[in-house]
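Shown next, in structure tokens, is the structure this report addresses.
Computed from a predicted structure; not experimentally measured. Residues: numbered from 1 along the sequence shown.
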Amino acid sequence: MRSKIFTRHAYTFSSTAALLSATAYLLSDQNKRKSAAMHARGPNDVQDVLIIGGGIIGCSLAAHLVSNNKVSSRATGALASTPTGENLKVTLVEKQTLASEATGLSAGTIWSLGAPKWGNASPSDPQLAYLEFSHRSNKIYESIPDIGFSKCGCLKLAMTEEESTFAEQEYKKLAPLISDTSNLKLLTRAGVKEKLSEVDEKVIYRGLYAKESSQVDCLKAAIALAEKAEQAGTNIIESVEVKKIERDEEKGLYRVSTACGKSWLSKKVCVCSGAWVNEILDPALHLPIVPIKGQMTICNGEPTPPSLQSLPVIYFFTSYMWWSKNKTKPAEKITTNENINHCYGKRGSDGRYYFGGDRLLARHSRDYEVEEDTLRATMTHKAFKAIPAIKHVFEGDQVGSWAGIMPFTEDGSPIVDNLDGKGLYVATGFGPEGMTTGPGSMMFVADWLKGGEKPAILKAYSVDRLKKDDRTTTTTKEN
């Protein structure tokens, strides 16, 4: 099993965040030997699809491409007959190890409201698309054993009158969009207290509870999907960095060149490389992706109060309300400041507590240094204030903290599109939603790449929706 060769994981370190994050990139000798052996057989054949990036997006796409399952939903739009994945030659290339960046460093909280109610809505409705993708992702995780999946529900907390009003508005907006309205409950202060007895009812005004929401071990989930793809014939290659993609018009193929001098020819290429996607693309195709840093802290959680043993995923309305008011602002408004304290958390399947959040502009591609004051303020003003027992748990046995860098777009939705009208595709900009919507959305992308038309459900994620004059980032590459 592939998981046996992944010897590193950021969560296992108890040193400072900078060391913790930097060490996440180290590969074992076994990894390097495996990568070298796989790379040696990789470039010999023309590939049908070459995937760049081994996070949850790339691994999900690889698994779906070689699957014989076909998406069945009116949301597929114009798709009529989609070829199966049988006999497709698929290669996935990852410059580090699978899930070693944003995927492996994320908390693994999945916001889901169950199946959406499409009715007569447009197949490209972005809100319904999100609900469709998150529902499908949830089902995919639930079907995979031993990845720490738990349908623990999610409790989103309002801590002011304004947030309480916003929570009520969100409920009224979302409830008509889901097939089973019992999956979403608007809770009073007393209802929140009944759901989570450890909450401080003096600082909570209202809550929104989503019972279909879940959590998963992100690293295990991504590796399980990669294993599924590999067992069906996909060539998984690690420790190889792609440097350039060039179109050979005469052959109708793409040449994908790497830092080690090797290259592949492929009929189609899908770039799923996250925050630094523009380092691979031709400058003429530059995408408006903003690298945003999130921060997490972890504790062993011993002893755990009985009331916290079944802790649902915890979110707070403060930052969601902030973003709803700033969607049309410059990209830097994706970030939060000291008055916002974006925060979320969970009790993992391993019994540990994972809390954090924040949205900070990454200064460069290795900006994994944790800003401890910001993280402390986030925990103090949100998690510790709303759930005092969480403070006691973290004071007792805090293990460490780390940072990860996510690819954001200005409007918060990903870019899933064809970039050249031929065979160059991209799936990036999922921000914090990669684990939530990635596996579900890649089902539709796989159908598209197998030869069908673009599914209508993906049209809301076209790059053309974003302003071309904003296609810049404010960070620099630093090796």
Can you see which heavy atom on [X] is nearest to which on [Y], and at what distance?
| X | Y | value |
| --- | --- | --- |
| R347 | L311 | N-CD2, 4.0 Å |
| A222 | I56 | CA-CD1, 4.0 Å |
| C299 | V393 | SG-CG1, 3.2 Å |
| W111 | L113 | CZ2-CD2, 3.8 Å |

Check against side chain to side chain donor-acceptor pair (under 3.5 Å), Q398 and T297: CA-CA 8 Å; Q398 184 171 349; T297 186; 2.6 Å; yes
Please check if the number of heavy atoms outside [X] that lie under 6.0 Å from its [atom1] is greater than 12.
| X | atom1 | answer |
| --- | --- | --- |
| E142 | CD | yes |
| Q127 | CD | yes |
| K151 | NZ | yes |
| K195 | NZ | no |

Check whether any side-chain heavy atom of [X] lies under 4.5 Å from a side-chain heavy atom of [Y], and answer yes or no.
| X | Y | answer |
| --- | --- | --- |
| Y344 | V313 | no |
| R465 | T409 | yes |
| I147 | Y141 | yes |
| T318 | E163 | yes |
| P432 | F408 | yes |
| L308 | Y353 | yes |
| K117 | I178 | no |
| I298 | W402 | yes |

Please check if the side chain of [X] supplies one atom and the backbone of [Y] the other of a donor-acceptor pair under 3.5 Å.
| X | Y | result |
| --- | --- | --- |
| T428 | G274 | yes |
| S307 | E198 | no |
| S273 | I52 | no |
| S214 | C152 | no |
| Y461 | A427 | no |
| E230 | A226 | no |
| N278 | H286 | no |
| D217 | G148 | no |
| T437 | Y130 | no |
| E201 | A190 | no |

Result of checking W322, F316, W323, F355 against H342 for ring-ring contact (aromatic ring centres under 6.0 Å, His included):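 For H342, the ring-ring contact (aromatic ring centres under 6.0 Å, His included) check succeeds only for W323.
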Full working for side chain to side chain contact (heavy atoms under 4.5 Å, CB included) between Y205 and R189: CA-CA 5 Å; Y205 286 74; R189 179 185 279 119; 3.8 Å; yes
To the nearest 0.5 angstrom, please state how far the [atom1] atom of [X] sits from the [atom2] atom of [Y].
| X | Y | atom1 | atom2 | value |
| --- | --- | --- | --- | --- |
| M435 | C218 | CE | SG | 4.0 Å |
| Q96 | S239 | CD | OG | 7.0 Å |
| K459 | S122 | NZ | OG | 8.5 Å |
| F430 | I415 | CZ | CD1 | 10.0 Å |
| Q169 | Y171 | CD | OH | 14.5 Å |
| D200 | K385 | CG | NZ | 9.0 Å |

I236 and its side chain to side chain contact (heavy atoms under 4.5 Å, CB included) partner, picked from L92, I51, V90: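 Per the side chain to side chain contact (heavy atoms under 4.5 Å, CB included) rule, the option paired with I236 is L92, out of L92, I51, V90.
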Candidates S213, S441, S112 - the one meeting side chain to side chain contact (heavy atoms under 4.5 Å, CB included) with S134: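 Exactly one candidate clears the test, S112.
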Derivation and outcome, side chain to side chain contact (heavy atoms under 4.5 Å, CB included), residues K193 and V199: CA-CA 6 Å; K193 184 71 173 178; V199 77; 3.9 Å; yes
Option passing salt bridge (charged side-chain N to carboxylate O under 4.0 Å, His left out) with K293 (candidates E369, E371, E101):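 Of E369, E371, E101, salt bridge (charged side-chain N to carboxylate O under 4.0 Å, His left out) with K293 is met by E371 alone.
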Lys/Arg cation over aromatic Y354: K346, 6.0 Å, 45° cone: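 Ring-cation test returns yes.
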Cation-pi, F317 ring and K156 (6.0 angstrom, 45 degrees):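 Judged by the rule (NZ or CZ under 6.0 Å from the ring centre, within 45° of its axis), K156 counts as positioned above F317.
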Y320 ring center near F166 ring center (under 6.0 Å):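 No, too far apart.
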Verdict with reasoning, V445 to I57, per side chain to side chain contact (heavy atoms under 4.5 Å, CB included): CA-CA 10 Å; V445 176; I57 305 302; over 6 Å; no
Verdict with reasoning, S324 to E170, per side chain to side chain contact (heavy atoms under 4.5 Å, CB included): CA-CA 11 Å; S324 73; E170 284 292 288; over 6 Å; no
